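See structure below.
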Amino acid sequence: MFKPLLFTALLLPAAAFAECEPVVVGDLSVSAPWSRATIGASRPAVFYVTITNSGSEDDALTNIASPVAGMPMLHETVVKDGIASMPHAMSIPVPAGETMRLAPGSYHGMLMDLTGAQKEGDSFPVTLSFQNGGDVTIDVPVLSLRAEEAECAAAP
Amino acid sequence: MLRTIQIILWAAVAVVLGYLALTRFQDEPAATSFRPTFALPDETGTVRTSGEFQGKHLLVFFGFTNCPDVCPTTMMEVAEVMDVLGSDADEVQPLFISIDPERDRALGLTEYVTAFHPSILGLAGDDAATRTTAESFKIFYDRDADANAPDGYTMSHSPALYLVGPNGDWLRQYSYGTPAQEILDDLKGRL
Ligand SMILES: [Cu+2]
């Protein structure tokens with residue numbers, strides 16, 4: 001009775017932190033990816049991630065791709081003069097020595113033309129293409145509809 | 001005479017600019033109270049009017065369901081507010097008014113709003129009724145052509161949450177990103 005509980009307690013933090021482990025490619029470190037459960041398959045999914053450039057040269061995220069989305073795109077939510085719009089972002093800058101966050105209300109990946117609904121607890125791969133840093137593929141966990149940030153970002 | 005015409009013209013320009021400022025720049029508090037009204041069908045086709053919600057506070061959000069970034073953030077806050085309100089929740093009716101009604105009806109409005117919280121009512125009229133409602137709430141929305149977007153367009157809109165009082169008066173807005181706790185604190189003081 002006690003043992004399985006303890007085992008679960010030990011296992012849970014490990015599972016929650018797995019996605020926090022950054023994937024490093026050259027000077028770039030990609031961490032805390034997440035997506036939100038979708039309502040059906042006909043509405044787009046969203047993709048958020050944190051990218052740190054520890055090098056001395058500016059880089060930029062130029063493209064994303066995923067087998068679950070026929071039409072992935074980079075977007076930026078802009079709230080200006082009290083109006084929100086969501087223009088297409090040609091690329092997202094990742095300046096030297098800085099951290100760029102794709103986060104709610106800002107830059108985000110928009111995954112359109114989904115192959116299926118994304119349910120909480122699922123995960124899917126996303127390949128990020130950088131101007132200088134090449135490609136990196138990461139696994140993106142699907143969090144609840146009410147999630148506001150990556151699970152590891154919320155952890156102490 | 002010429003001078004008088006000039007003054008009248010400038011006054012007209014001032015009025016138009018003032019109106020634009022009021023309707024577009026929603027961060028400015030409205031100078032006087034007003035009563036927004038609507039008559040819009042829910043997903044079953046039943047027309048719901050502002051009149052039938054007399055006695056309740058309305059939390060009104062204008063959005064579109066094909067919006068994965070801004071809209072879920074606010075809907076999620078509304079859901080949290082409704083959860084925490086507990087027994088006071090039946091004094092508050094959250095409304096999601098579609099600014100992209102044709103596509104939203106096709107995608108399923110109730111499925112979308114109730115995924116956030118069962119208490120949220122989704123409304124989607126025709127273009128004319130939607131425009132009238134937006135004007136009545138003094139909010140802005142527009143359809144932006146975007147060849148890369150699904151169906152070739154995306155929507156821009158006022159992303160705030162609006163509070164209407166039990167007698168139908170517009171009370172205030174909670175600007176985009178206001179934490180649920182702040183909305184709760186304000187709302188509880190009014191119930
Ligand atoms: Cu987008």
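Just so it is clear: chains get the letters A, B, ... in the order the sequence lines come, proteins before strands, and each one is counted from 1. In this text the structure is predicted, and so the values were computed from the model without any measurement.
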Does A/Glu57 have more than 12 heavy atoms from other residues, nucleotides or ligands lying within 6.0 Å of its CD?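 Incorrect, the count does not exceed 12.
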Show, in sequence, the C-alpha distance, side-chain angles and deciding distance for A/Tyr107 and B/Asp69, and conclude whether the side-chain hydrogen bond (donor to acceptor under 3.5 Å, both in side chains) test is met. CA-CA 9 Å; A/Tyr107 284 115; B/Asp69 188 54; over 6 Å; no
Can you name the closest pair of heavy atoms from [X] and [Y] and give their distance?
X: B/Pro159; Y: A/Val79; result: CG-CG1, 4.2 Å
X: A/Glu148; Y: B/Met76; result: CG-CE, 3.0 Å
X: B/Asn66; Y: A/Pro44; result: OD1-CD, 2.6 Å
X: A/Met110; Y: B/Pro68; result: SD-CG, 3.4 Å

Pick whichever of A/Met73, A/His108, A/Met112 has the most heavy-atom pairs under 4.5 Å with chain B.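 Ranked by contacts with chain B, first place is A/His108.
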Does a side-chain heavy-atom distance below 4.5 Å link [X] with [Y]?
X: B/Phe140; Y: A/Asp81; result: no
X: A/Arg36; Y: B/Pro72; result: yes
X: B/Glu111; Y: A/Arg43; result: yes

Part of B/Tyr112 lying under 4.5 Å from any heavy atom of chain A: both
How many angstroms lie between atom [atom1] of [X] and atom [atom2] of [Y], to the nearest 0.5 angstrom?
X: A/Ile83; Y: B/Asp142; atom1: CD1; atom2: CG; result: 9.0 Å
X: A/Arg146; Y: B/Glu80; atom1: CZ; atom2: CD; result: 7.0 Å
X: A/Ser85; Y: B/His157; atom1: OG; atom2: NE2; result: 9.0 Å

Would you please go through residues 38-56 of chain B and name the residues with a non-hydrogen atom below 4.5 Å from one of chain A, in numerical order?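 Listed by number, there are no contacting residues, so the answer is none.
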